[in-house]
There are 2 protein chains.
Amino acid sequence: MELRQLRSLVTLVESDCNVSRAAERLYMVQSAVSQHILRLEEELGVHLFMRQGKRITGLTDAGEKVLQHARRVLAETGNILDVGRDHVEDRSGILRIGTTHTQARYVLPPIVKRFNRDYPRVELQIHQASPRQLVGMALENQVDFAICTEDLADQPRLTTVPSYQWNRSVIAPPGHPLLLEDTIDLPALCRYPIITYVTGFTGRGHFDRILHKAGLEPHIVLTAASTDIIKTYVRERMGIGIIASMAYAPERDADLACRDLSHLFPWEVTRIAYPEGKYLRRYQEHFIALFKRDIAERVSREQQPGMRPV
Amino acid sequence: MELRQLRSLVTLVESDCNVSRAAERLYMVQSAVSQHILRLEEELGVHLFMRQGKRITGLTDAGEKVLQHARRVLAETGNILDVGRDHVEDRSGILRIGTTHTQARYVLPPIVKRFNRDYPRVELQIHQASPRQLVGMALENQVDFAICTEDLADQPRLTTVPSYQWNRSVIAPPGHPLLLEDTIDLPALCRYPIITYVTGFTGRGHFDRILHKAGLEPHIVLTAASTDIIKTYVRERMGIGIIASMAYAPERDADLACRDLSHLFPWEVTRIAYPEGKYLRRYQEHFIALFKRDIAERVSREQQPGMRPV
DNA sequence: CGTTCTTACGTGTGTCGTAACGATC
DNA sequence: GATCGTTACGACACACGTAAGAACG
């Protein structure tokens with residue numbers, strides 16, 4: 001068995017079982033990849049791929065199993081290379097972050113900026129996806145860190161680092177009747193059409209559960225994956241917006257009133273996740289430290305009510 | 001980077017950093033192993049080993065890190081080979097069991113016998129070690145299964161399967177004054193010299209904690225790692241023996257009286273552990289199933305009071 | 001002086017690329 | 001006929017073994 005062969009196997013699967021395309025990605029000719037697979041199958045004594053004539057159509061059961069282990073082999077060889085890179089030159093490299101729109105737009109910017117100042121020669125990549133996708137991307141080593149709130153707790157093959165906590169706020173156009181209330185409670189919220197996040201995003205799960213427990217049926221008039229969309233329709237007076245508190249920017253959103261709702265909903269924990277056992281390069285550890293430090297500073301500086309350190 | 005190189009690295013460390021001996025184990029000449037290490041160091045740009053002149057004296061920090069990942073790479077390639085073996089011939093292979101004396105001597109025999117009847121062409125290896133050592137052996141893939149009671153719970157990189165529960169019994173020569181008591185309690189036990197297991201073995205931890213909580217100071221006159229030794233000195237009338245209940249064999253130990261102590265101590269859980277993510281061959285899964293089934297049958301058949309299924 | 005590791009060099013295996021062939025849609 | 005995968009073959013690279021050299025106790 002050779003690492004090359006495993007590399008070909010994984011790339012082939014990621015190229016929809018198209019040998020030609022896999023070969024391109026690997027900067028090799030088709031025949032080489034083909035041979036890798038054939039030799040691997042020969043050595044193991046199992047067909048890893050199902051074929052119709054000569055067309056490869058998919059993985060066999062054995063292929064699925066081998067693929068999983070092959071992925072981990074490659075991940076670990078990647079870790080070994082990273083140990084080397086860190087000793088040769090620990091100030092440059094790539095940092096691939098997978099995260100949701102909310103984090104990328106409202107939380108990461110100051111952190112990323114500072115990180116870039118500390119490590120100007122590290123190339124930063126921000127990949128945007130849904131929490132569920134992010135879990136897969138972290139596991140398949142398509143990103144170094146997955147940063148989000150959902151789906152990360154108790155994930156068996158991921159190490160997760162809690163980075164900060166946040167809660168929700170309600171936004172509404174100035175003069176909206178909700179804003180006249182002294183203290184906002186759940187029934188008050190449910191008296192108006194609500195615009196909030198799509199299921200699976202940004203604390204939507206707990207939001208639904210709390211309202212359901214209270215026996216309330218909110219009138220959710222529109223949902224979106226990103227806060228910008230929500231704000232847009234709140235401005236259009238389609239309803240009140242329930243958003244993550246850190247997504248309210250006082251300057252830019254001066255035309256929207258905002259009220260904290262921390263007393264109504266549980267605090268959400270945003271986590272940084274990476275594959276269990278992954279070797280963290282110096283700058284990767286630095287990023288995690290920076291994340292926590294920045295949140296702590298921001299909270300104490302801006303007195304933001306809907307956000308707090310872990 | 002090549003798998004061969006990683007293999008050489010791991011073997012070299014397991015050969016006390018002696019290149020000649022590592023080469024022997026790998027059926028290669030010294031120079032080949034030497035080259036593997038040098039090329040790997042060259043590619044990574046780090047010294048993995050510390051040297052005094054040409055003598056290799058130990059791993060560097062980077063070497064330690066690389067070693068860990070290299071071990072996992074090899075474990076995963078082993079899993080891949082196992083997937084193949086299972087499809088080629090799933091009735092023969094090797095099963096390496098690491099366990100303590102108590103399990104090997106008093107619990108495993110009927111299970112092993114039955115397993116051998118089901119899979120006569122699987123070579124069984126039983127490696128005996130302390131619970132602490134067993135954890136290391138499982139992690140470093142020196143055994144397939146580690147079976148013991150201590151040190152396995154919440155081990156991060158091991159999957160553990162609870163297999164059965166057991167409690168303690170006291171053994172004493174016939175006519176011993178303790179046997180006249182109606183119900184035996186902790187103070188009663190502490191009135192006599194006690195012979196039991198060494199710290200770290202067979203439930204000794206909970207034993208100590210319970211007595212300490214009760215404010216009792218037992219007079220422990222002798223400790224041993226295996227029940228046979230304990231029995232021997234109980235026969236010599238050096239004291240009463242506190243042993244795992246399954247270690248009392250009514251026929252063979254007819255010259256010793258035995259009383260169950262389940263009412264005094266917490267139940268211990270014996271677990272089967274293997275590296276997280278390990279591919280289990282057919283016969284390995286069968287062994288685990290057999291283990292549980294056999295215990296259930298034994299308990300219901302023999303009405304053994306100090307043993308129960310999970 | 002034996003042990004231990006590295007370096008030098010030749011041989012053979014094996015991998016990759018070119019190219020032709022065979023299959024499938 | 002176009003796309004796709006396998007087979008055949010040659011060139012090159014490289015890993016291993018032999019053997020000599022260098023460093024330590």
Side-chain angles (χ1 to χ4, degrees), chain A residues 1-60 62-63 66-67 70 73-74 77 80-81, chain B residues 1-60 62-63 66-67 70 73-74 77 80-81:
Chain A
M1 190 185 337
E2 301 282 329
L3 287 174
R4 294 177 264 278
Q5 297 169 348
L6 301 181
R7 178 144 222 79
S8 288
L9 168 64
V10 171
T11 308
L12 178 53
V13 173
E14 285 172 358
S15 309
D16 301 320
C17 299
N18 182 317
V19 179
S20 316
R21 216 174 312 158
E24 261 181 59
R25 288 201 200 179
L26 292 165
Y27 305 107
M28 299 201 303
V29 294
Q30 300 88 328
S31 69
V33 176
S34 195
Q35 280 182 51
H36 282 169
I37 303 301
L38 292 171
R39 282 184 190 271
L40 190 56
E41 287 182 322
E42 186 190 19
E43 177 175 355
L44 298 181
V46 202
H47 278 292
L48 302 176
F49 289 93
M50 295 184 297
R51 295 166 168 85
Q52 292 191 353
K54 293 204 168 184
R55 229 78 163 192
I56 289 180
T57 56
L59 282 166
T60 61
V66 171
L67 175 68
V73 168
L74 297 181
T77 57
I80 291 175
L81 292 175
Chain B
M1 189 187 331
E2 300 282 332
L3 286 174
R4 293 176 264 278
Q5 296 169 349
L6 302 182
R7 177 143 224 80
S8 289
L9 168 64
V10 172
T11 307
L12 178 53
V13 173
E14 286 172 358
S15 309
D16 301 321
C17 299
N18 182 319
V19 179
S20 316
R21 215 174 314 158
E24 261 181 59
R25 288 201 200 178
L26 292 166
Y27 306 106
M28 299 201 303
V29 295
Q30 300 90 325
S31 72
V33 176
S34 194
Q35 280 183 51
H36 283 169
I37 303 301
L38 292 171
R39 282 182 191 272
L40 190 57
E41 287 182 322
E42 186 189 21
E43 177 176 355
L44 298 180
V46 202
H47 278 291
L48 302 177
F49 289 93
M50 295 185 297
R51 295 166 169 85
Q52 291 190 354
K54 293 205 167 184
R55 233 77 163 188
I56 289 181
T57 57
L59 282 166
T60 61
V66 171
L67 176 68
V73 168
L74 296 182
T77 57
I80 291 175
L81 292 175

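No hydrogens, no waters, no symmetry mates; every other heavy atom, side chains included, goes into these values. Small disclaimer: the values here were computed from a predicted structure and weren't measured. Letters A, B, ... are given to chains in the order of the sequence lines, protein chains preceding strands, and every chain is numbered from 1.
A close approach under 4.0 Å does not occur between any side-chain nitrogen or oxygen of B:R55 and OP1 or OP2 of C:dT6. Put simply, B:N18 has a side-chain N or O that comes within less than 4.0 Å of OP1 or OP2 on C:dC5.
In this structure, the separation between CD1 on A:I56 and CG on A:N18 is 9.0 Å, given to the nearest 0.5 Å. Note: B:I80 CD1 to A:L48 CG = 9.0 Å, rounded to the nearest 0.5 Å. Interatomic distance, CG of B:L6 versus CG of B:L40, reported as 6.0 Å (0.5 Å rounding).
Atom CD in A:Q30 sits roughly 14 Å away from atom C1' in C:dC21 (whole-Å rounding). Atom-to-atom, CE of B:M28 to P of C:dT6 comes out at 13 Å; the value is rounded to the nearest Å. One can place CG of A:L40 at 16 Å from C1' of C:dG14, the figure rounded to the nearest angstrom. Rounded to whole Å, the distance from CD on B:E42 to P on C:dT7 is 10 Å. B:R39 has its CZ atom 16 Å from the C1' atom of C:dC5, to the nearest Å. We find that CG of A:L6 is positioned 13 Å from P of C:dT15, with the value rounded to whole Å. Rounded to an integer number of Å, the gap from A:E2 CD to C:dC16 C1' is 13 Å. For the pair B:F49 CZ and C:dC5 P, the computed distance is 10 Å after rounding to whole Å.
The shortest non-hydrogen separation linking B:T11 to B:A22 is CG2-O, 3.9 Å.
Within the nucleic acid shown, A:Q52 comes within 4.0 Å of sugar-phosphate atoms alone, with no base atom in reach, counting heavy atoms only. B:V19 comes within 4.0 angstrom of sugar-phosphate atoms only, judged by non-hydrogen atoms across all strands, and of no base.
Looking only at distances, a side-chain donor or acceptor of A:R25 sits under 3.5 Å from a matching main-chain atom of A:E14.
Residues in residues 26-42 of chain B take part in these side chain to side chain donor-acceptor pair (under 3.5 Å) pairs, two or more places apart or across chains: B:S8-B:H36, B:E41-B:R51.
Using a 4.5 Å cut-off on side-chain heavy atoms (C-beta onward), B:L59 and B:F49 make contact.
The footprint of chain B on DNA chain D, defined by a heavy-atom cutoff below 4.0 Å, extends from D:dA15 to D:dC24.
Comparing B:I56 and A:Y27 against DNA chain C, the residue whose closest nucleotide sits nearer the 5' end is B:I56. Two residues, B:R21 and B:Q35, neighbour DNA chain C, and the one matched to the more 5' nucleotide by heavy-atom proximity is B:R21.
You'll find that the side chain of A:S31 is closest to C:dG17, out of C:dT15, C:dG17, C:dT4.
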